[in-house]
2 protein chains.
Amino acid sequence: MEPETLELESFLPYRLYRLADAVSREFSRVYKDRHGLTRPEWRTLAGLGQHGTMTATELGEQSAMHKTKVSRAVAELERRRWLVRTADENDRRVEHLTLTKAGLAAYREMVPLAKAFERELLARLSAEERTAIISGVAALEARLGQAEVGANHIERKN
Amino acid sequence: MEPETLELESFLPYRLYRLADAVSREFSRVYKDRHGLTRPEWRTLAGLGQHGTMTATELGEQSAMHKTKVSRAVAELERRRWLVRTADENDRRVEHLTLTKAGLAAYREMVPLAKAFERELLARLSAEERTAIISGVAALEARLGQAEVGANHIERKN
DNA sequence: TTTCAATGGTTACAAATGAAACCAGTTTGG
DNA sequence: CCAAACTGGTTTCATTTGTAACCATTGAAA
């Protein structure tokens with residue numbers, strides 16, 4: 001028999017969201033305070049820095065962003081001259097995006113900060129706790145990809 | 001020596017955010033599809049359902065929402081006649097919020113759905129994985145409350 | 001008391017977001 | 001071939017959000 005109330009503080013979806021929100025908000029200093037980037041812009045930069053050249057669609061897949069977010073982030077980074085677009089030879093709908101020198105410089109500057117952030121975050125935990133969060137997140141990620149809870153259609157984001 | 005790139009897929013802040021976003025988005029069906037509630041509205045309902053009567057400030061603390069979100073959510077639930085405000089006797093700035101019969105009915109309807117969602121979500125994991133995610137989240141939550149990573153001021157949300 | 005800082009809550013405005021419509025281009029099937 | 005369906009990406013519009021300013025009230029200090 002269901003008890004009639006839900007304890008929000010123990011409700012996993014809520015806890016997860018609150019935690020992610022707090023962490024993300026804190027991390028956003030790295031890109032927001034320093035360069036005035038939004039999260040989609042940061043992710044775009046990170047994707048291109050990591051992979052070299054990508055299309056907008058690929059970016060959306062890699063960094064779990066809606067295509068409109070990608071589109072807008074790309075436009076802004078282009079405006080800053082942090083990336084350039086080059087047309088695809090075979091398919092004229094596609095554009096290949098690449099960081100410019102300036103974009104790459106910003107990326108290179110941020111990478112160590114990002115890593116330091118993650119390191120410091122994990123440093124607060126014991127070895128077991130680190131293992132727990134990392135493998136717990138991995139497990140849920142893996143299961144979420146497959147079928148969505150209580151629903152029979154897949155949540156595509158782009 | 002730092003490698004010069006960051007692997008986004010393994011970066012904890014990103015993974016956490018993406019996971020929370022996916023879970024939350026999926027869970028939002030429960031309140032969005034059924035009743036057209038927003039997340040702040042759902043949280044407000046959940047807070048009041050759980051605690052009976054609360055002030056807006058208390059709601060913000062309990063459910064980690066900015067005061068403007070609380071204010072707007074309360075206004076909307078009031079418009080629906082799912083809650084009522086009663087003035088505080090001693091402090092006329094304060095309002096005590098309570099669910100009406102209709103609000104309580106909606107809450108009671110959603111509680112089992114929320115619990116089922118969480119149950120099904122966790123059911124996909126092995127016992128060890130469940131322990132991992134739950135204790136990992138708890139550990140990070142606990143450490144985050146204390147001092148923020150790489151910054152020396154506290155992130156208050158209300 | 002009167003003034004001034006703090007607090008509960010709302011509002012105005014700008015920015016970020018999501019959904020859906022849209023515009024090329026491309027592919028597929030007749 | 002050619003129409004219809006599809007895909008990469010952009011734009012429009014409505015909604016949601018965050019920041020800061022704000023109003024009213026209260027508490028503290030002088």
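Chain A is the first sequence line, chain B the second, and so forth, proteins listed ahead of strands; every chain is numbered from 1. This structure is a prediction, so every number in the text was calculated from the model and none was measured.
With respect to B:R15 and A:E141, a salt bridge is recorded, a charged nitrogen being found less than 4.0 Å from a carboxylate O. Using a cutoff of 4.0 Å between basic side-chain nitrogens and carboxylate oxygens, B:R85 and B:E78 are scored as salt-bridged. Between B:R80 and B:E76 a salt bridge is recorded (basic side-chain N to carboxylate O distance below 4.0 Å).
Checking side-chain atoms of B:T100 against main-chain N and O of B:R81 turns up a donor-acceptor pair under 3.5 Å. Checked by atom type and distance alone, the side chain of B:Q50 never pairs as donor or acceptor with a backbone atom of A:E7 at under 3.5 Å. No side-chain donor-acceptor contact under 3.5 Å links B:S71 to the backbone of B:T68. Side-chain atoms of B:R143 come within 3.5 Å of backbone atoms of B:A139 as a donor-acceptor pair (strictly under, hydrogens ignored).
In terms of position on DNA chain C, the residue among B:E58 and A:D91 whose nearest nucleotide sits closer to the 5' end is B:E58. Residues B:R93 and A:N90 each lie close to DNA chain C; by heavy-atom proximity, the contact nearer the 5' end of the strand is made by B:R93.
A:E41 CD to A:R43 CZ: the interatomic distance, rounded to the nearest 0.5 Å, is 12.5 Å. Taken from CD in B:E4 to CZ in A:R108, the straight-line distance is 6.5 Å, to the nearest 0.5 Å. Atom CG of B:L59 and atom OG1 of B:T44 lie 5.5 Å apart (nearest 0.5 Å).
B:K115 places none of its side-chain heavy atoms less than 4.5 Å from the side chain of A:F11. With contacts defined as side-chain heavy-atom distances shorter than 4.5 Å, the pair B:L37/B:K32 does not qualify.
Five base pairs at each end of the helix from C:dT1-D:dA30 to C:dG30-D:dC1 define two local axes, and these are offset by 10° (rounded to 10°).
The nucleotide range of DNA chain C contacted by chain B, defined by atoms under 4.0 angstrom from heavy atoms of the protein and reported 5' to 3', is C:dA6 to C:dG18. When DNA chain D is scanned in the 5' to 3' direction for atoms under 4.0 Å from non-hydrogen atoms of chain B, the outermost contacting nucleotides are D:dT16 to D:dT26.
Residue B:L144 forms a side-chain contact (heavy atoms from CB on, under 4.5 Å) with just one option from A:R124, A:R18, A:E26, and that option is A:R124.
If you check residues 74-84 of chain A against DNA chain C, you find no residue with a heavy atom closer than 4.0 Å. Annotation: proximity of residues 37-47 of chain A to DNA chain D (heavy atom, distance under 4.0 Å) is found for no residue.
Residues passing the ring pair (Phe, Tyr, Trp, His ring centres under 6.0 Å) test with B:W42 are B:F27, B:Y31, sequence neighbours excluded.
The cationic atom of A:R39 (NZ for Lys, CZ for Arg) lies less than 6.0 Å from the six-membered ring centre of B:Y17 and within 45° of the ring axis.
A:D88 comes within contact range of no nucleotide atom at all, as no heavy-atom separation falls under 4.0 Å.
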